[in-house]
Amino acid sequence: MPSIKKEQILKINNACSNDWELDTFYYLSYGEKTLIKRIELNEESYLHFKLEYNSSNQIEIRIDKYNIDKATGFGVSQGRGKHKILVETQSKRKNINSLIEITHELDNNKLMEINQNASISSGYGMIKESDNF
């Protein structure tokens with residue numbers, strides 16, 4: 001099981017720009033460093049952005065819309081969300097520093113623009129595709 005020290009988390013988070021941060025839960029669960037950011041749309045919903053490497057070692061962004069369940073207070077998403085490849089070049093290895101570098105360009109305005117142009121992820125017939133958001 002992967003482990004990470006608080007100092008390492010802070011170092012990564014401090015290197016990120018525009019409120020991006022290490023997804024510590026994902027790292028501790030799967031051993032892969034990804035970055036996340038959340039943009040509140042209103043009191044009832046938010047967009048969750050995840051900067052990661054895809055299976056072809058290209059840098060992509062995944063976008064999910066969460067609606068807050070009034071009974072539990074938890075965010076609930078529908079379908080697989082959206083995705084967009086940001087760097088088409090295949091990396092030889094997954095490098096957190098490359099993800100951090102991209103956060104300098106990804107402010108809220110740029111993220112909302114990407115969201116407008118991102119493709120809805122296919123559910124491959126097994127998972128419901130998301131509505132456009």
Side-chain angles (χ1 to χ4, degrees):
M1 175 178 242
S3 66
I4 189 168
K5 294 181 180 181
K6 185 175 182 178
E7 294 80 20
Q8 293 170 296
I9 295 169
L10 291 173
K11 183 178 178 184
I12 291 169
N13 289 349
N14 288 336
C16 292
S17 295
N18 296 307
D19 299 320
W20 284 89
E21 63 185 14
L22 178 68
D23 186 344
T24 52
F25 178 79
Y26 191 83
Y27 177 71
L28 293 172
S29 299
Y30 301 102
E32 187 173 333
K33 292 178 182 171
T34 62
L35 301 176
I36 56 173
K37 179 182 169 84
R38 179 172 157 163
I39 297 178
E40 304 286 332
L41 298 175
N42 53 47
E43 291 181 8
E44 300 173 351
S45 60
Y46 62 90
L47 294 179
H48 182 269
F49 296 86
K50 183 175 188 176
L51 196 55
E52 64 183 354
Y53 286 91
N54 64 17
S55 59
S56 298
N57 275 5
Q58 298 165 308
I59 296 175
E60 77 173 356
I61 192 163
R62 294 200 153 278
I63 309 164
D64 290 294
K65 182 179 180 186
Y66 285 83
N67 295 305
I68 306 298
D69 181 284
K70 292 184 193 260
T72 65
F74 291 112
V76 178
S77 67
Q78 299 279 328
R80 294 205 46 203
K82 297 179 178 181
H83 73 279
K84 180 172 179 56
I85 295 174
L86 299 179
V87 179
E88 301 255 348
T89 305
Q90 293 182 334
S91 300
K92 291 183 180 177
R93 65 182 194 95
K94 298 175 180 179
N95 183 342
I96 189 68
N97 291 328
S98 297
L99 299 180
I100 290 169
E101 187 65 31
I102 291 174
T103 67
H104 302 301
E105 304 166 18
L106 297 177
D107 62 13
N108 288 6
N109 291 331
K110 183 67 175 173
L111 290 171
M112 295 306 281
E113 178 185 320
I114 290 170
N115 178 55
Q116 291 299 317
N117 299 315
S119 302
I120 294 175
S121 298
S122 169
Y124 303 106
M126 298 183 291
I127 300 172
K128 177 184 180 283
E129 288 186 12
S130 297
D131 294 330
N132 198 8
F133 49 85

Checklist line | Between CG on residue D19 and CG on residue N13, distance to nearest 0.5 Å | finding: 10.5 Å
Notebook entry, point to check: Rounded to the nearest 0.5 Å, how far does OG of S17 lie from NE2 of H104?
Noted result: 4.0 Å
Notebook entry, point to check: Could you go step by step and tell me if I12 and L35 meet the side-chain contact (heavy atoms from CB on, under 4.5 Å) rule?
Noted result: CA-CA 9 Å; I12 291 169; L35 301 176; 4.1 Å; yes
Check: Going hydrophobic residue to hydrophobic residue with side-chain gaps under 4.5 angstrom, can you get from I39 over to I114?
Finding: yes
Notebook entry, point to check: Once you round to the nearest 0.5 Å, how far does CG of L10 lie from CG of L22?
Noted result: 10.5 Å
Item checked: Reference residue N115; test side-chain contact (heavy atoms from CB on, under 4.5 Å); the match among K82, K65, K110 -> K82
Next item on the list: Determine whether more than 12 heavy atoms belonging to other residues, nucleotides or ligands lie under 6.0 Å from atom CD of E40.
Entry: yes
Notebook entry, point to check: Rounded to the nearest 0.5 Å, how far apart are CG of L106 and CD of E113?
Noted result: 10.5 Å
Checklist line | Reported CG-to-CD distance for the pair L86 and E52, which is rounded to 0.5 angstrom | finding: 10.5 Å
Next item on the list: Please determine which of K84, H83, E88 meets the side-chain contact (heavy atoms from CB on, under 4.5 Å) test together with E60.
Entry: H83
Check: Step by step, would you call N57 with K92 a side-chain contact (heavy atoms from CB on, under 4.5 Å)?
Finding: CA-CA 7 Å; N57 275 5; K92 291 183 180 177; over 6 Å; no
Checklist line | Within-4.5 Å side-chain heavy-atom neighbours: L99 and K33 | finding: no
Item checked: Within one Ile-Leu-Val-Met-Phe-Trp-Tyr cluster: I36 and I96, side-chain cutoff 4.5 Å -> no
Check: Taking all non-hydrogen atoms of both residues, which atom of I100 and which atom of A15 are closest, and how far apart?
Finding: CG2-O, 3.3 Å
Next item on the list: State, to 0.1 Å, how close N67 and S45 come at their nearest heavy-atom pair, and which atoms those are.
Entry: OD1-CB, 3.3 Å
Next item on the list: Please name the pair of heavy atoms, one in A118 and one in I63, separated by the smallest distance, quoted to 0.1 Å.
Entry: CB-CD1, 4.1 Å
Margin query: With clusters defined by side-chain heavy atoms of hydrophobic residues (ILVMFWY) lying less than 4.5 Å apart, directly or transitively, does L51 cluster with I9?
Written below: yes
Margin query: To check you understand the geometry: which heavy-atom pair defines the closest contact between S91 and Y53, and what is its length?
Written below: OG-CE2, 3.5 Å
Check: Where is the tightest heavy-atom contact between I61 and W20, given as atom of each residue plus distance?
Finding: CD1-CH2, 3.9 Å
Check: Is there a side-chain contact between N108 and K37, using heavy atoms and a 4.5 Å cut-off?
Finding: yes
Notebook entry, point to check: So, for Y26 and E32, which heavy atoms are closest and what is the spacing to 0.1 Å?
Noted result: CD2-O, 3.5 Å
Notebook entry, point to check: Hey, mind stepping through N95 and R93 against side-chain contact (heavy atoms from CB on, under 4.5 Å) and telling me if it holds?
Noted result: CA-CA 6 Å; N95 183 342; R93 65 182 194 95; 4.2 Å; yes
Notebook entry, point to check: In this structure, are over 12 heavy atoms from other groups packed under 6.0 Å from N18 atom CG?
Noted result: yes
Next item on the list: Check whether any side-chain heavy atom of T24 sits under 4.5 Å from a side-chain heavy atom of Q8, and report yes or no.
Entry: no
Notebook entry, point to check: If you round to the nearest 0.5 Å, how far is CG of D23 from OH of Y30?
Noted result: 10.0 Å
Next item on the list: Could you work out the complete set of other residues in the hydrophobic cluster of Y66, with links drawn between I, L, V, M, F, W and Y side chains under 4.5 Å apart?
Entry: Y46, I68
Next item on the list: Applying side-chain contact (heavy atoms from CB on, under 4.5 Å), run through L47 and L111 and close with a yes or a no.
Entry: CA-CA 10 Å; L47 294 179; L111 290 171; over 6 Å; no
